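Data block below; observations after.
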Amino acid sequence: MEGPSLVILKEAAAKFIGKKVLTAQGAARIDHDRLSGQTLKGLRTWGKHFLMLFSDCHVRIHYLMFGNYYLDSRHPEKEAKLTLQFRNGAWNNYNCAVKINDDTELDHLYDWRRDLMADSWNPGLALATLRAHPQWLVSDALLDQQVFSGLGNIMKNETLFRTRIHPESTVGALPPGRLRQLVDEARTYAFDFLAWKKEGTLRQHWEAHTRKTCPRCALPLVKKHTGITPRRSFFCENCQVLYR
DNA sequence: GAAAATGTTATCAT
DNA sequence: TATGATAACATTTT
């Protein structure tokens, strides 16, 4: 689950803010009793981290690859990792990593300027970090959660296709204008992703990710694992320039 | 039916 | 101590 999907959840679950947790339970190995009776003070996201704020702690949920949630309903069979029951509904979270953190000063843990979805997103800071690591492959750089927090593999492939940059280009070899373009397009695509995800039309808008042919030139797209991670890259060798 | 994938963190080994 | 390998999690799509 990538950053934009968490923004959608934050909006959908906002009705629980200010409400008391009647019961907390689930398969996650946390102290559920600690949450029962507490009032949900707020919800935040930082990249792919979903944060539930309470007066003396916060819960961090990471949905990883397969995580999902049900609001006011539940999975027909699976046991939730964390279920929060409120007077006005239920919040079930599945296949996710759940952690309680005693620190309530989130600013100690998170640099909000790094969150691609945030108003406080700072493209200049991302740019500066990239400039400091010229040897990185762009496919690794985009997936670095300390630089583009919330950016996932789909967003990586689509951003590179849009900017016509080959995933195995090195950051340092990109002309300055192209590097800036990459940073800006990552943010632009993130919000297109958000809008399409809300409409339920995300997948049909993919131009490169999981596609077989290039929508620009009709040549076959290359599917290859690139970078240190390594994650799937779908790209056009004809349209996307390799900067080395 | 096998394999791979919208991903990260904890733990163990070196 | 720092870095790196491996396990763990566990569903949907190809």
Side-chain angles (χ1 to χ4, degrees), chain A residues 1-10 12 26-31 45-51 58-70 73-83 92-103 109-111 114-117 133 135-137 139-162 167 185-187 189-213 220-235:
Chain A
M1 205 180 279
E2 308 191 28
S5 300
L6 269 64
V7 172
I8 292 171
L9 171 57
K10 187 166 60 175
R29 292 191 295 188
I30 59 168
D31 180 10
T45 59
W46 182 85
K48 300 169 188 173
H49 292 212
F50 194 92
L51 307 168
H58 71 270
V59 176
R60 184 194 72 191
I61 295 186
H62 201 301
Y63 291 94
L64 303 168
M65 294 266 248
F66 315 128
N68 66 349
Y69 57 84
Y70 285 56
S73 64
R74 51 178 297 176
H75 191 285
E77 299 146 31
K78 299 291 172 191
E79 183 186 11
K81 289 287 188 185
L82 176 62
T83 295
N92 294 293
N93 299 279
Y94 301 89
N95 308 320
C96 52
V98 183
K99 193 165 186 174
I100 295 179
N101 190 318
D102 293 330
D103 200 337
L109 298 169
Y110 299 110
D111 184 344
R114 299 291 191 177
D115 180 6
L116 193 57
M117 305 308 296
H133 298 279
Q135 77 285 8
W136 284 356
L137 296 188
S139 77
D140 286 324
L142 285 170
L143 290 173
D144 190 321
Q145 296 302 297
Q146 299 304 317
V147 184
F148 297 95
S149 59
L151 198 152
N153 202 40
I154 295 170
M155 296 164 74
K156 177 200 76 178
N157 284 323
E158 294 299 304
T159 299
L160 290 173
F161 181 80
R162 283 180 167 198
E185 194 60 43
R187 167 96 170 170
Y189 181 74
F191 284 88
D192 285 344
F193 183 121
L194 175 62
W196 288 328
K197 181 85 181 181
K198 283 181 175 176
E199 288 179 356
T201 63
L202 177 64
R203 189 174 294 243
Q204 70 196 55
H205 282 97
W206 290 346
E207 294 188 286
H209 191 77
T210 70
R211 295 285 301 264
K212 299 272 192 252
T213 56
L221 289 178
V222 174
K223 173 186 168 184
K224 180 185 178 185
H225 286 77
T226 63
I228 296 167
T229 324
R231 306 293 302 283
R232 288 193 301 178
S233 287
F234 297 85
F235 56 98

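Keep in mind the model is a prediction, meaning the values are calculated, not measured. A, B, ... follow the sequence lines: proteins, then strands. Residue 1 opens every chain. Computed from heavy atoms alone, side chains included, the values below leave out hydrogens, waters and symmetry copies.
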**OP:** Would you check, one step at a time, whether the test side-chain hydrogen bond (donor to acceptor under 3.5 Å, both in side chains) holds for Lys156(A) with Ser233(A)?
**Re:** CA-CA 8 Å; Lys156(A) 177 200 76 178; Ser233(A) 287; 2.9 Å; yes
Original post:
When all nucleic acid strands are considered with a 4.0 Å heavy-atom cut-off, which category describes His49(A): base, sugar-phosphate, or nothing?
Top reply: sugar-phosphate
**OP:** May I ask you to say what Lys156(A) touches in the nucleic acid, namely base, sugar-phosphate or nothing, with a heavy-atom cut-off under 4.0 Å?
**Re:** nothing
Once you round it to whole Å, what is the distance between [atom2] of [N] and [atom1] of [X]?
X	N	atom1	atom2	result
Lys223(A)	dA5(B)	NZ	C1'	9 Å
Glu158(A)	dT6(B)	CD	P	12 Å
Arg29(A)	dT11(B)	CZ	P	9 Å
Asp144(A)	dT8(B)	CG	P	10 Å
Phe66(A)	dT6(B)	CZ	C1'	9 Å
Leu202(A)	dT6(B)	CG	P	12 Å
Trp206(A)	dA5(B)	CH2	P	13 Å
His225(A)	dA5(B)	NE2	C1'	8 Å

Subject >> Lys99(A) vs Glu2(A), nearer the 5' end of DNA chain B by closest nucleotide >> reply: Glu2(A)
If you measure from the [atom1] atom in [N] to the same atom in [M], how many Å do you get, rounded?
N	M	atom1	value
dT11(B)	dA10(C)	P	16 Å
dA5(B)	dC9(C)	C1'	14 Å
dA4(B)	dA7(C)	P	16 Å
dT6(B)	dT6(C)	C1'	23 Å

Would you say [X] places a side-chain N or O within less than 4.0 Å of OP1 or OP2 belonging to [N]?
X	N	answer
Arg203(A)	dT6(B)	no
His209(A)	dT6(B)	yes
Lys48(A)	dT6(B)	no

Original post:
Going 5' to 3' along DNA chain C, which nucleotides are the first and last within contact of chain A (any atom under 4.0 Å from a heavy atom)?
Top reply: dC9(C) to dT11(C)
Subject >> Dot-bracket notation for DNA chain C, counting Watson-Crick and G-U pairs under 3.5 Å, with | for partners on another strand >> reply: .||||||||.||||
**OP:** Report the nucleotide, chosen from dT8(B), dA10(B), dA5(B), that has the shortest atom-to-atom distance to any side-chain atom of Arg232(A).
**Re:** dA5(B)
**OP:** Please determine, for the side chain of Asn153(A), which listed nucleotide (dT6(B), dA5(B), dT8(B)) has the closest atom?
**Re:** dT6(B)
Original post:
How far does CG of Leu137(A) sit from CG of Leu142(A), to the nearest 0.5 angstrom?
Top reply: 11.0 Å
Subject >> Rounded distance [0.5 Å steps], NE2 in His75(A) versus OH in Tyr94(A) >> reply: 7.0 Å
Exam field: side chain [X] to backbone [Y], donor-acceptor pair closer than 3.5 Å:
X	Y	result
Trp46(A)	Asp111(A)	yes
Glu158(A)	Ala208(A)	yes
Arg60(A)	Lys99(A)	no

Original post:
Considering residues at least two apart in sequence or located in another chain, which fulfil the side chain to side chain donor-acceptor pair (under 3.5 Å) criterion with Asp103(A)?
Top reply: none
**OP:** Would you indicate whether the side-chain heavy atoms of His209(A) and Arg232(A) approach each other to under 4.5 Å?
**Re:** yes
Original post:
Does a side-chain heavy-atom distance below 4.5 Å link His49(A) with Tyr110(A)?
Top reply: yes
**OP:** Would you please indicate if the ring centroids of Phe234(A) and Phe161(A) are separated by under 6.0 Å?
**Re:** no
